[in-house]
Amino acid sequence: MKSLAHFRSGKPSCYPDQSVYAAYACAEFGLTFDDIDGGTGLVFSVASKTKSVHFGAGRCSYYPQNNATASTLASDKYFTSTILEHAGVATLGGEYFFLHARHRAHRPAGHEREDALEHFRKLGGTAFVKPFLGSRGDFAQGLRDEASLARYLEEVSQHYDAILIQPIVSGIEYRVFLLDDDVLYTARKYSPCVLGDGARPIRNLLAAHNEMLRARGLSPVAVADGAWLDIVLAEGKRWEIPGRMNLSAGGTMVLESLPSAAALELAKKAARTLGLRVAAVDLFTEIGGDTKAMRVIEVNSNPSIRLLEQSDRGDLILKIWHHTFSAMGLLGV
């Protein structure tokens, strides 16, 4: 059997991860992988002797065993929290606000751009804000004053139509990856950081970090200005960047067990409630230092699995794609 590294070799950085993993799984399970977009990996088919299924990158789902309704609900952060709270699953909640006046006649009052400031004040002038249909941590950040909110709304409105405003919560963040109520893996998330070099101040290290984010098509880190930005860190010393922990934004995930069975059950109930066969549930535990306090952050119906490649767990990648191929009737026929 060829290694996963063999299928990754020679691919440009823009080649979709899941296209690599699908080709790898096809070789393992005796199926035919066909890149039908001139080698870009953006569109491909997987075929057995009797059937073929097509996949696409970007917003397309790599998990067709999730039905369209469940996947769409999970991609909407407000719908997800509303459904989960109704089912007794604790979430971070949040309110949504539109950033443009078009289509205003087709939605209820109280969710316009001018309403966002009033809600922000109700939360005490601090909140975690992110695009309503965003991903990869783009424009997901904590805001701590009205001026910052105003600047944020102006910038994010150039890229997105709506935002979700949530209370800021402090806890330990985990991801639980589920296949039909079975736990495939759990991982703890850690904040991105900059590493000191003994020469450049934090300000310059952050500037370099932000250039990396822009190159990936992501919003830069926004922090309050202050003399602390001129501190020069000793070589190798870490400075954690507060806020989003997404891998795409420079965060890290480490395969690690959850602290309690209750946290695992919370994740399972969230996936079951939404009707997802494949789900990556992100949640906070030990909120505010309370070992029993936990809440679901969001539920991903089309999750990235690059962590498994980075962790040399090709076996788990194969389990995921075996689940997909079986659900689509490509195996055992």
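- Judged by distance alone, with hydrogens and angles left aside, the side-chain atoms of K269 form a donor-acceptor pair with the main-chain N or O of A87 at under 3.5 Å.
- Side-chain contact between V278 and L179 is present, with heavy atoms from C-beta onward closer than 4.5 Å.
- Shortest non-hydrogen contact noted between S257 and Y174 is O-CE2, 3.7 Å.
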- Show the numbers, then the answer: is there a side-chain contact (heavy atoms from CB on, under 4.5 Å) between R113 and E154? CA-CA 10 Å; R113 184 167 176 167; E154 184 61 33; 3.0 Å; yes
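- By the criterion of side-chain heavy atoms lying less than 4.5 angstrom apart, applied directly or through intervening Ile, Leu, Val, Met, Phe, Trp or Tyr residues, L123 is grouped together with V156 in one hydrophobic cluster.
- A pairwise comparison of heavy atoms in S45 and I36 identifies OG-CG2, 4.4 Å as the closest pair.
- The line from CD of E85 to CG of L92 is 9.0 Å long, rounded to the nearest 0.5 Å.
- Side-chain atoms of Y62 and P16, non-hydrogen and from C-beta on, do get closer than 4.5 Å to each other.
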- Message: Would L143 and F120 count as a side-chain contact (heavy atoms from CB on, under 4.5 Å) here? Give the steps.
- Response: CA-CA 9 Å; L143 301 176; F120 186 73; 4.2 Å; yes
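- Between Q65 and R277, the shortest heavy-atom distance links the atoms O-CD, 3.4 Å.
- Formation of a donor-acceptor pair under 3.5 Å by the Q166 side chain with backbone atoms of G93 is found in this model.
- Y63 contributes a side-chain N or O that, together with a main-chain N or O of P303, makes up a donor-acceptor pair within less than 3.5 Å.
- Summarising the local packing, CG of D312 is surrounded by 12 or fewer heavy atoms from other residues, nucleotides or ligands at distances under 6.0 Å.
- In this structure, D282 CG and K189 NZ are separated by 3.5 Å, a value rounded to the nearest 0.5 Å.
- When every heavy atom of L266 is checked against every heavy atom of A90, the shortest pair comes out as CD1-N, 4.2 Å.
- Here the side chain of S75 pairs a donor or acceptor atom with the backbone of T72 at under 3.5 angstrom.
- For E235, the CD atom counts as loosely surrounded, since its 6.0 Å shell holds 12 or fewer non-hydrogen atoms of other residues, nucleotides or ligands.
- Looking only at side-chain heavy atoms (C-beta outward), L308 and I320 come within less than 4.5 Å of each other.
- Defined by atom type and a distance below 3.5 Å, a donor-acceptor pair is present between the side-chain atoms of H323 and D180.
- For T80 (side chain) and L73 (main-chain N/O), a donor-acceptor pair under 3.5 Å exists by modelled atom type.
- S71 has its side chain out of reach of N302: every pair of non-hydrogen atoms, C-beta onward, lies at least 4.5 Å apart.
- Between F98 and Y96, the angle of the ring planes goes over 60°, which puts this pair in the perpendicular group of the 30/60° scheme.
- Linking ILVMFWY residues whenever their side-chain heavy atoms come closer than 4.5 Å, directly or via other members, leaves L42 and Y24 in distinct clusters.
- Taken to the nearest 0.5 Å, the OH atom of Y185 stands 10.0 Å off from the CG atom of L178.
- In this structure a side-chain-to-backbone donor-acceptor pair under 3.5 Å is present from H100 to S157.
- For the atom pair D17 CG and Q310 CD, the distance stands at 8.5 Å (nearest 0.5 Å).
- A salt bridge links E298 with K130: the closest approach of a Lys/Arg side-chain nitrogen to an acidic carboxylate oxygen falls below 4.0 angstrom.
- Between F177 and I305, the closest side-chain pair of non-hydrogen atoms falls below 4.5 Å.
- The shortest distance between side-chain heavy atoms of H111 and H119 does not fall below 4.5 Å.
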- Could you check L195 against L205 for side-chain contact (heavy atoms from CB on, under 4.5 Å), going step by step and ending with a plain yes or no? CA-CA 8 Å; L195 290 177; L205 297 174; over 6 Å; no
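- Among residues two or more places apart in sequence or in another chain, the side chain to side chain donor-acceptor pair (under 3.5 Å) test is passed with E309 by R8, Y21.
- Partners of A5 according to the side chain to side chain contact (heavy atoms under 4.5 Å, CB included) rule, which considers only residues two or more places apart in sequence or in another chain, are S3.
- If you chain together hydrophobic residues whose side chains sit under 4.5 Å apart, I231 and L229 fall into the same group.
- Looking only at side-chain heavy atoms (C-beta outward), L274 and L84 come within less than 4.5 Å of each other.
- Heavy atoms from other residues, nucleotides or ligands lying under 6.0 Å from NZ of K319 number 12 at most.
- Applying the side chain to side chain contact (heavy atoms under 4.5 Å, CB included) criterion to A23, with sequence neighbours excluded, gives F7, F33.
- Taking all atoms of both residues into account, the shortest heavy-atom contact from F128 to A140 is CZ-C, 3.8 Å.
- Rounding to the nearest 0.5 Å gives a distance of 4.0 Å between OG of S311 and CG of L255.
- For H86, there are no side chain to side chain contact (heavy atoms under 4.5 Å, CB included) partners, not counting sequence neighbours.
- When hydrophobic clusters are built by joining Ile, Leu, Val, Met, Phe, Trp and Tyr residues whose side-chain heavy atoms come closer than 4.5 Å, directly or via intermediates, F79 is grouped together with V281.
- Looking at residues two or more places apart in sequence or on another chain, you find a side chain to side chain contact (heavy atoms under 4.5 Å, CB included) between T186 and V176, V183, L258, L264.
- Counting all heavy atoms, side chain and backbone alike, L233 lies closest to G196 at CB-CA, 3.6 Å.
- You'll find the side chain of F139 stays beyond 4.5 Å of the side chain of V129, heavy atoms only.
- Note: T91 OG1 to L283 CG = 12.0 Å, rounded to the nearest 0.5 Å.
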- Task: With side-chain contact (heavy atoms from CB on, under 4.5 Å) as the test, would you mind laying out the steps for Q18 and F55 before giving the verdict?
- Result: CA-CA 10 Å; Q18 290 282 24; F55 296 85; over 6 Å; no
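- Not a single donor-acceptor pair under 3.5 Å links the side chain of D290 to the backbone N or O of I287.
- Counting only residues at least two apart or in different chains, salt bridge (charged side-chain N to carboxylate O under 4.0 Å, His left out) contacts with residues 34-58 are absent.
- Taking the six-membered ring where tryptophan is involved, the planes of F325 and F29 are perpendicular, since the angle between them exceeds 60° and thus also 30°.
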